[in-house]
Amino acid sequence: MSQVLKTLSGPLSFNKLSSQNFPRKEKKLLRHGSCCFPINIVQSSFRGCLEVVNHVKSSHKEKTCLYDEGKLKALPHIQTLREFPWEELVAKVVMVRFDSTILLGEKLDLSSQSASKAIYTIKYLHECGAKVILVSDWSRKINPKLHAEQTVADILSSVLQHKVIALRCISCNMPLKREDLQKADFLLLNNLSEYKEEVANCSKFAELLSSEVDILVNDSFCQSHKILASTVGIARFCYASMAGFSLEENLRQLKKIAKTKRKPYIAIIGGGNLKNKAAALQFLASICDVLVFVGQMSFQIMCALGHSIPTNLVERDAHKAALDIVQFSYDKNVLMSYPKDFWCMNQCLPTQLEVFPADGVPDGWLPVDLGPRSLEEIYSLVTNSKKIVWIGPVKFSSSCPHTGGASKLAQMLYKQSQCECEITIVGSTACEVIKNEASSLSSVNVLENASPVWEFLKEQKLPGVMALDRAYPFAIDWSVVYHDPSQPLVVDIGSGNGLFIMGMAQSKKDLNFLGLEINGKLVRRCLDSINQSGIMNAYFIGTNATSTFRSIVSSYPGELVLVSIQCPNPDFNKPENRWSMLQRSLIEAVADLLANKGKVFLQSDVEAVAMRMKQQFLQHGKGKLCLSHDCHGVKINGNTWLEENPFGVRSDWEQHVIDRGAPIWDYLHTAEGTRSQYGSWNFVVEVYQVIRCMLAHFHEICLCRKLEATAVYMIGDTSEKLLDK
């Protein structure tokens, strides 16, 4: 690409586009029950990010359906460890926020999916050449053996089959030091439950946690609904943050709940606290065909329907919420089922049990379990269903442990799961019952922690998920986007009104141009404009390019020859701003994907911003980028700047700055394609991985033959030091 700059340097003039010239298109509606949803534009409004896909026909297929008909916006498409390039993990320090209820539980089942996914996250990072720092919160409630950090480290060592060393740097208010990382491949930090700064999401505490950490891997679904320093605050101090395999799997199961393609869809709802869960119940009523109440909430529903219920069984201040749910379900034509009879306990003689009708429980008797008529009705509903979610315990009194009804319900659901019915079990109590009754859980989806699920059903965003980096949620068919997808690609990050992209595309037909812009309205206008003008080599995507650049551009079949960042808002480029455009992850992605001799064009009307962008690209460009000398420059204050925009096409903001007589500051970087004299960075990474694999196999042979394996560790340590150099 040595002639890229020359190819792109021809001048071009064109008329400015006015936003008033874009006609409004009438939205088509897709009817679902009594709700209407726009289908001409699929959009996700998380963190200001808007995905616009209507102009690519059906070529952008969603990798995983986040929600049906745009009903849910609480789960963005996040970056995952599975999709993250493994070579970016080599020699990195990765902090794993693991779920202590899974890995430190008293009854740890290593064969369970939750445990195997959590363990695989940690082992995968180690196999990729990363140093792993483990952090979590724990208490003796989940395991009486959990005392000091060293005890927990020993348990984790047994689970992972690798030595885990406990460090107490947090308790000493001392940041982790580089020499601490040499003590072992796996390090364990202090128990986070001992620090109030954790639940307060203290910024200083989060910064302390992130000492020497490059990448955050959140693998704790049970804490995803909370705002914690170890899941939310720490993300701003790590250059990349993503979901581990366990969290990814739990989110996949969570998304399944919202899908409505399989009908009839039944929600079996247990537990209490209806007032707090009213929004979630209304959401379930909007996607399900039947709501079956099997817990304490059933009394509130029965009361709202006009049945006589003892006041001691009815939740205070929840009557209006129950009435609203009943009315909402009626308007949606959703069937509501509640117990018709109960097993009741004599409060004077606790061993005496009898069955009474639901509306005829005598004084002195307390409902403790579902009666036979209730179970028969549930069975008739379950046998005709294609999808069922059971959330909450079958429990009617906090003091009575009767679970016969729950066991029979679990047996029904397991039997139905063998008949191609999709079953999801939510909550620790329900999951424990289904485990006891089912011979295998392979046909059942399990979410053991109900709290994040209830928040999701309330359409609330999960802070622990929202803090992670984004990934572009659509697979792009480049043959539909461009007439010739094999042509070299030019990407403008923060393309704004698109004048630069459209002007270049009209002048340079032998290149393809892509604009990435976070403002969805501007993207739609640009797409309308290129469709009307018949431009075949330009396209725009609405996205947060800071975190989605790699996932979008890496799938392009041709070479990436130019990346431009022109006049970003200076407020978004302050180092302390978590969402600044130029994060290390974006710069490394550009350096990885840019072709040899490709260019990076940086421009700003604020000198300090331009200087900072230049320094960041030189610092995080993996040694591949250097200042270009292809163009004439001018020295100002000791710094060399381009005399003018080398492409002859200006963005709308550049034109605005020039019109008012203000200076514009330009830099041009060139990709040299090599990290050092030893060859390309990718080659170094590949050699390093081969060495690790050879050492691992050699180590196994040594252990099998009872030989001394010290030399293996010495060689491995030397290879890592060489890689760092």
Side-chain angles (χ1 to χ4, degrees), residues 266-285 288 290-330 334-348 350 352-382 389-410 426-427 429-430 433 450 454 457-458:
I266 297 178
I268 300 174
I269 305 163
N273 198 5
L274 181 143
K275 184 178 179 180
N276 184 52
K277 299 172 181 174
L281 297 178
Q282 287 205 14
F283 175 76
L284 286 172
C288 296
V290 184
L291 299 184
V292 180
F293 290 90
V294 296
Q296 289 177 313
M297 278 188 275
S298 59
F299 298 126
Q300 199 68 57
I301 296 297
M302 293 164 65
C303 182
L305 290 169
H307 295 279
S308 178
I309 303 296
T311 55
N312 64 311
L313 299 177
V314 179
E315 182 183 334
R316 291 183 179 182
D317 303 326
H319 186 63
K320 184 179 182 305
L323 287 173
D324 290 342
I325 293 166
V326 170
Q327 184 62 51
F328 185 84
S329 301
Y330 177 80
V334 174
L335 174 65
M336 301 188 76
S337 174
Y338 50 89
K340 300 303 183 291
D341 60 351
F342 294 105
W343 279 101
C344 299
M345 179 186 71
N346 190 320
Q347 291 179 293
C348 297
Q352 185 177 355
L353 298 175
E354 287 191 31
V355 177
F356 293 103
D359 55 357
V361 178
D363 292 339
W365 291 80
L366 184 67
V368 294
D369 208 348
L370 294 170
R373 282 183 55 204
S374 301
L375 289 170
E376 287 176 8
E377 181 175 302
I378 294 173
Y379 181 76
S380 65
L381 293 170
V382 165
V389 57
W390 173 17
I391 179 170
V394 180
K395 195 173 182 181
F396 299 96
S397 172
S398 58
S399 60
C400 298
H402 298 274
T403 59
S407 298
K408 290 181 173 64
L409 176 58
V426 181
T429 303
V433 175
W454 281 116
L457 294 176
K458 295 175 189 176

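None of the values given here were measured: they were computed from a predicted structure.
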Value rounded to 0.5 Å, distance of CG in L381 from CD1 in I268: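 Between L381 CG and I268 CD1, I get 8.5 Å after rounding to 0.5 Å.
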
Interatomic spacing from SG in C344 to CG in L353 - rounded to 0.5 Å: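 Going from the SG atom of C344 to the CG atom of L353 covers 9.0 Å.
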
Flag, side chain of [X] to backbone of [Y], donor-acceptor distance under 3.5 Å:
X: Q282; Y: F328; value: no
X: S298; Y: V294; value: no
X: E315; Y: K275; value: yes
X: K340; Y: G371; value: no

For residues [X] and [Y], determine if any side-chain heavy atom of one lies less than 4.5 Å from a side-chain heavy atom of the other.
X: H319; Y: Q300; result: yes
X: L409; Y: L370; result: no
X: I391; Y: W454; result: yes
X: I269; Y: F293; result: yes
X: Y338; Y: S374; result: no
X: S308; Y: D359; result: no

Whether F356 and W365 hold their rings parallel, tilted or perpendicular, with breakpoints at 30° and 60°: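 Perpendicular: the ring planes of F356 and W365 meet at over 60°.
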
Verdict with supporting geometry, K395 and T429, side chain to side chain contact (heavy atoms under 4.5 Å, CB included): CA-CA 10 Å; K395 195 173 182 181; T429 303; over 6 Å; no

Locate the shortest heavy-atom distance separating [X] from [Y]; write the atom from each residue and the value.
X: R373; Y: D341; result: N-OD2, 3.1 Å
X: I325; Y: A278; result: CD1-CA, 4.0 Å
X: I309; Y: C303; result: CG1-N, 4.0 Å
X: A406; Y: D369; result: N-OD1, 4.4 Å
X: L291; Y: S329; result: CD1-OG, 3.9 Å
X: F299; Y: L313; result: CB-O, 3.5 Å

Verdict with reasoning, M297 to L281, per side chain to side chain contact (heavy atoms under 4.5 Å, CB included): CA-CA 11 Å; M297 278 188 275; L281 297 178; 3.8 Å; yes

Test side chain to side chain contact (heavy atoms under 4.5 Å, CB included) applied to Q327 and L323, step by step: CA-CA 6 Å; Q327 184 62 51; L323 287 173; over 6 Å; no

Candidate pair L274 and I301, rule side chain to side chain contact (heavy atoms under 4.5 Å, CB included), full reasoning: CA-CA 9 Å; L274 181 143; I301 296 297; 3.9 Å; yes

